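Note that the coordinates shown come from a computational prediction; the quantities given were computed from them, not determined experimentally. When a residue number appears, it is its place in the shown sequence, counting from 1. All heavy atoms count here, side chains included; hydrogens, waters and symmetry mates do not.
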Amino acid sequence: MPEPRTIVIAAFPGVELLEVTGPAEVFSVASRLVEGGAPAYRVEVAAAQAGPLPTAAGISLVAARSLAEVGPGVDTLLVAGAMDYEGGRYQAVVDRDVVGWLATAAPGARRVGGVCAGVHLLAEAGLLTGLPATTHWLTADQLAAQHPDIAVDPEPIFIRAGRIWTCAGVTAAMDLALAMVAEDHGPAIALDAARAMVMYVKRPGGQTQFSVPLSLQASTDDRIDELRRWIDGNLAERISVEAMAARLNLSVRHFARVFRNCTGRTPADYLEAVRVEAARRLLEESGRSLPDIAAASGLGSVETLHRAFRRRLGATPAEYRRRFRPHATAR
């Protein structure tokens, strides 16, 4: 009977709760779904000192072992993270105990992953040099500035670079764990685990961290927020900049200036971005034809759909569908 794979989640005081419990739950659920009579995974939490471990949520976990007690035989080593809010911005917390331990522990693990701001600890330990990596979008600039030798990409949910995995914020840790389960036991087990946990979808790593509206700077103008809601509900209609300006009773020039000040984008750029996002979701979630998707998203023609996808995503709609919905069959 095969031995369970040992998953060690390294944590520290003030760690984000879900970055520890989220992956742990995924491995636990998957472990019960794998046939064979024995658990597929054994998950342990380790910290500088064994015992109660306070988290950012105000709930204490229990570290079963100290970092020094973690011996050989670790299959997967995950590093959870935390952020502080100082001076009007978020900064990743770098725990020196975990960083120092990683230098000796990481080489012995088959697989190493950084969760959210925990990616910064992998970077400090020198494990990401020369590699592509992602992290929570709130601290991606910090990671890039402090470690110019890392190819930081703030967009994907997770990135795999050989045995090193990195992922975005909080719930993305569960997507990372599901991808690891798929690598170990196949995509069917990972999908069953996602269903058992009532997760909306098992998201591929190349998915973006957030939707177009969430990626915009906060608007201080209720009129712009209302306009954006109207755009989202009328994407299939013909929407011009003139029509948007008229809804706000502004001249086109004044409207364009107000919209950009509130959102950081031009009206035309925003409109195309939300239409591409709508088309992307239809490609992921349906088998509708490309002409149908072009019409429903407001992009109009398949040719326009192709141009927008190549410009914004670097792929054709068909390539995108094969990557993110590989079993889809277009009608």
Checklist outcome for this item: Residues Ala140 and Thr135: closest non-hydrogen pair is CA-CG2, 3.7 Å
Item to check | Single-linkage hydrophobic cluster, 4.5 Å side-chain cutoff, Ile231 and Val258 together | outcome: yes
Checklist outcome for this item: Closest non-hydrogen atoms of Ile157 and Thr134, given as atom of the first, atom of the second and distance, are O-CG2, 4.1 Å
Next on the checklist: Is there a path of hydrophobic side-chain contacts, each under 4.5 Å between heavy atoms, that joins Phe12 and Tyr90?
Outcome noted: no
Item to check | Approximate separation, where rounding is to 0.5 Å, of Thr266 OG1 and Leu271 CG | outcome: 9.5 Å
Item to check | Donor on one side chain, acceptor on other, Thr304 and Ser301, under 3.5 Å | outcome: yes
Next on the checklist: Between Leu53 and Val62, is there a side-chain heavy-atom distance shorter than 4.5 Å?
Outcome noted: no
Next on the checklist: Taking the basic N atoms (NZ, or NE/NH1/NH2) and the acidic carboxylate oxygens, is any pair closer than 4.0 Å for Arg89 and Asp141?
Outcome noted: no
Item to check | Gln91 vs Gln142 side-chain heavy atoms within contact, under 4.5 Å | outcome: yes
Checklist entry - Atom CZ in Phe309, atom CZ in Arg321: separation rounded to 0.5 Å? => result 9.5 Å
Checklist entry - With ring centroids as reference points, do His185 and Tyr41 lie under 6.0 angstrom apart? => result yes
Checklist entry - Got a second to check how far Glu19's CD is from Leu176's CG, nearest 0.5 Å? => result 11.0 Å
Checklist entry - Is Val74 close to Arg111 at the side-chain level, that is, under 4.5 Å between some pair of heavy atoms? => result no
Checklist entry - In Å, rounded to the nearest 0.5 Å, how long is the span from OG of Ser66 to CH2 of Trp101? => result 10.0 Å
Next on the checklist: Quick check: closest heavy atoms across Pro267 and Met244, and the distance to 0.1 Å?
Outcome noted: CB-CE, 3.8 Å
Next on the checklist: Can you confirm whether Trp165 sits close enough to Val115 that some side-chain heavy atom of one is under 4.5 Å from a side-chain heavy atom of the other?
Outcome noted: no
Checklist entry - Under a single-linkage definition using a 4.5 Å side-chain heavy-atom cutoff for Ile, Leu, Val, Met, Phe, Trp and Tyr, are Val43 and Leu78 assigned to the same hydrophobic cluster? => result yes
Next on the checklist: Just checking Gln49: does its CD atom have more than 12 heavy atoms from other residues, nucleotides or ligands closer to it than 6.0 angstrom?
Outcome noted: no
Next on the checklist: What's the separation between atom CD1 in Ile159 and atom CD1 in Ile164, rounded to the nearest 0.5 Å?
Outcome noted: 13.0 Å
Checklist entry - Between the main-chain N or O of Phe259 and the side-chain N or O of Thr263, is there a donor-acceptor pair closer than 3.5 Å? => result yes
Item to check | Connected via hydrophobic side-chain network under 4.5 Å: Val26 and Leu77 | outcome: no
Next on the checklist: Can you confirm whether Arg312 sits close enough to Asp269 that some side-chain heavy atom of one is under 4.5 Å from a side-chain heavy atom of the other?
Outcome noted: yes
Checklist entry - Under 3.5 Å, is there a donor-acceptor pair between the side chain of Arg160 and the main chain of Thr166? => result no
Next on the checklist: Any donor-acceptor pair under 3.5 Å linking the side-chain atoms of His120 with those of Gln146?
Outcome noted: no
Checklist entry - Is a salt bridge present between Arg229 and Asp232, judged by a nitrogen-to-oxygen distance below 4.0 Å? => result no
Checklist entry - Is it true that a side-chain atom of Ser31 and a backbone atom of Ala40 form a donor plus acceptor pair closer than 3.5 Å? => result yes
Item to check | Distance-minimising heavy-atom pair for Ala125 and Leu102 | outcome: CB-CB, 3.9 Å
Checklist entry - Got a donor-acceptor contact below 3.5 angstrom from the Arg265 side chain to the Arg260 backbone? => result no
Item to check | Main-chain N/O of Thr316 paired to Glu319 side chain as donor or acceptor, under 3.5 Å | outcome: yes
Next on the checklist: When you compare the side chain of Met83 with that of Leu138, does any pair of heavy atoms fall below 4.5 Å?
Outcome noted: yes
Next on the checklist: With a 3.5 Å distance limit and no angle check, can you tell me whether Arg281 reaches the backbone of Glu277 through a side-chain donor-acceptor pair?
Outcome noted: no
Next on the checklist: Quick one: does any side-chain atom of Arg247 pair with a main-chain N or O of Glu226 as donor and acceptor, under 3.5 Å?
Outcome noted: no
Checklist entry - Quick one: does Thr76's side chain get under 4.5 Å of Met180's, heavy atoms only? => result yes
Checklist entry - CD1/Ile7 to CZ/Arg42 distance, rounded to the nearest 0.5 angstrom? => result 10.0 Å
Item to check | Minimum heavy-atom distance between Leu290 and Pro317, given as atom pair plus value | outcome: CD2-CB, 3.9 Å
Checklist entry - Would you call Arg228 and Tyr270 a side-chain contact if the rule is heavy atoms closer than 4.5 Å? => result yes
Checklist entry - Any donor-acceptor pair under 3.5 Å linking the side chain of Asp95 with the backbone of Val98? => result yes
Item to check | Ile224 to Cys262 - nearest heavy-atom pair and separation | outcome: CG1-SG, 3.9 Å
Item to check | Other residues, nucleotides, ligands: >12 heavy atoms within 6.0 Å of Arg311 CZ | outcome: yes
